[in-house]
Amino acid sequence: KILIVATGNPGKLKEMQAYLEDLEIELQLKPQDLEIEETGKTFVENAALKASQVALATGEWAIADDSGLAVEVLNGEPGLYSARYAPTEAECIVRLLKELGDHPNRNAEFICAVAIARPDGSIALEYQGICQGTITNEPTGIGGFGYDPIFYVPEVNMTFAQMSAELKHKISHRGQAFQGILPQLQTLF
Ligand code: ITT
């Protein structure tokens, strides 16, 4: 069986491939011209929508990830709009730091929903993972992608961008979601 990885985000793709590499599943990339409108009201809804549409369009199993960063004092923003908060990843960080200013409450959480759809578009599995942290005052570290340089995890005293890929995989929102879904995925394939 083939599993289509339904993302156009290179940073996400790399991490998704790493979680799936030990399974004996043939992974394929989603056709580049296949764009899905994210009209859901939750991460789980959007992940399901993306997996479902890519599965239907390709006639194969598909896996999708919908994720984002929710900042407490910004009422959960950028949240579902994390990818569209500014034109580039660097500008997203600049905007978030500006919106937050020197506010003392810097609590935030990263959320990741993963969904797997059957070739007929029906959802076989979905799971959500969360990672709690705080927003730094300035970008720190060079690893990862997106908001990683400003997301600090107190337990390990590092931003996501300072962690090895292995450590991020263990504790991140995506890590939690994949740890939830992998055992069940193995029974499907
Ligand atoms: P696809 O829909 O094609 O998968 P996307 O980038 O549009 O790609 P989302 O709508 O799920 O995906 O947006 C998620 C955004 O949240 C992403 O663009 C990053 O800015 C941010 N994000 C998610 N996970 C992250 C992580 O582990 N580290 C840093 N930023 C992350």
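Ligands are counted one by one from 1 in listed order, and the atoms in each one are counted from 1 as well.
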- Closest non-hydrogen protein atom to atom 21 (C) of ligand 1, residue and atom name please, with distance? Tyr147 CD1, 3.8 Å
- Task: Treat each ILVMFWY residue as a node, draw an edge where side-chain heavy atoms are under 4.5 Å apart, and state whether Val73 and Phe110 are in one component.
- Result: yes
- With heavy atoms of Thr7 as the reference, note each atom of ligand 1 found under 4.0 Å away. 1 (P), 3 (O), 4 (O), 8 (O)
- Message: Out of all atoms in ligand 1, which are within 4.0 Å of some heavy atom of Gly146? Include the element for each.
- Response: 29 (C), 30 (N)
- Please check if the side chain of Gln162 supplies one atom and the backbone of Thr159 the other of a donor-acceptor pair under 3.5 Å. yes
- Message: Quick check on contacts: which atoms of ligand 1 are under 4.0 angstrom from a heavy atom of Gly68?
- Response: 16 (O)
- Message: Is there a path of hydrophobic side-chain contacts, each under 4.5 Å between heavy atoms, that joins Phe160 and Ile135?
- Response: yes
- Message: So for Glu89, does at least one of its heavy atoms come nearer than 4.0 angstrom to any atom of ligand 1?
- Response: no
- Query: Contact between Phe110 and ligand 1, counting heavy atoms under 4.0 Å?
  - Reply: yes
- In terms of residue, atom name and distance, what is the protein heavy atom nearest to atom 14 (C) of ligand 1? Ser67 O, 3.0 Å
- Option from Thr134, Thr140, Asn157 for which side chain to side chain donor-acceptor pair (under 3.5 Å) with Tyr152 holds: Asn157
- Task: Around atom 10 (O) of ligand 1, find the nearest protein heavy atom and jot down its residue, atom name and distance.
- Result: Glu38 OE1, 3.0 Å
- Task: Examine Leu74 and Ile111 and state if one hydrophobic cluster contains both, with Ile, Leu, Val, Met, Phe, Trp and Tyr joined whenever side-chain heavy atoms are less than 4.5 Å apart.
- Result: no
- Message: What I want to know is whether Lys50 and ligand 1 share at least one N or O pair that is separated by under 3.5 angstrom.
- Response: yes
- Task: For Asn9 and Thr7, run side-chain hydrogen bond (donor to acceptor under 3.5 Å, both in side chains): C-alpha distance rounded to whole Å, both residues' side-chain angles, the deciding distance at 0.1 Å, then the answer.
- Result: CA-CA 6 Å; Asn9 180 318; Thr7 181; 5.5 Å; no
- Item | Shortest protein heavy-atom distance from atom 7 (O) of ligand 1, along with the residue and atom involved | Ala83 CB, 3.7 Å
- Message: I'd like to know if the side chain of Glu109 reaches the main chain of Gln132, judged simply by a donor and an acceptor atom lying under 3.5 Å from each other, with no hydrogens or angles considered.
- Response: no
- Task: Before giving the answer on side-chain contact (heavy atoms from CB on, under 4.5 Å), spell out for Arg174 and Lys12 the whole-Å C-alpha distance, their side-chain angles and the decisive distance to 0.1 Å.
- Result: CA-CA 9 Å; Arg174 189 163 294 104; Lys12 248 193 212 182; 3.5 Å; yes
- Note on the structure: Note: ligand 1 atoms sitting under 4.0 Å from heavy atoms of Lys168 are 26 (C), 27 (O), 28 (N)
- Item | Under-4.0 Å salt bridge between Arg95 and Glu99 | yes
- Note on the structure: Numbered in order shown, the ligand 1 atoms found under 4.0 Å of a heavy atom of Asp148 are 26 (C), 27 (O), 28 (N), 29 (C)
- Message: Need the ligand 1 atom indices (1-based, order shown) with element for anything under 4.0 Å from a heavy-atom of Asp66.
- Response: 9 (P), 10 (O), 11 (O)
- Query: How far is atom 12 (O) of ligand 1 from its nearest protein heavy atom, and which residue and atom is that?
  - Reply: Lys12 NZ, 2.8 Å
- same_hphob_cluster(Met16, Ile25) at 4.5 Å side-chain heavy-atom cutoff: yes
- Query: For atom 25 (C) of ligand 1, what's the nearest protein heavy atom and its distance?
  - Reply: Phe145 CZ, 3.4 Å
- Please say whether more than 12 non-hydrogen atoms of neighbouring residues, nucleotides or ligands are located less than 6.0 Å from CG in Asp102. no
- Query: What residue and atom, counting heavy atoms only, is the protein's closest point to atom 16 (O) of ligand 1, and at what distance?
  - Reply: Ser82 CB, 3.4 Å
- Message: With respect to Gly8, determine whether any N or O atom, backbone or side chain, lies less than 3.5 Å from an N or O atom of ligand 1.
- Response: yes
- Note on the structure: among protein heavy atoms, the one nearest atom 17 (C) of ligand 1 is Asn9 ND2, 3.8 Å
- For ligand 1, is Cys92 a contact, meaning one of its heavy atoms is under 4.0 Å away? no
- Query: Does a sphere of radius 6.0 Å around OH in Tyr81 hold more than 12 heavy atoms from other residues, nucleotides or ligands, not counting ones at 6.0 Å or beyond?
  - Reply: no
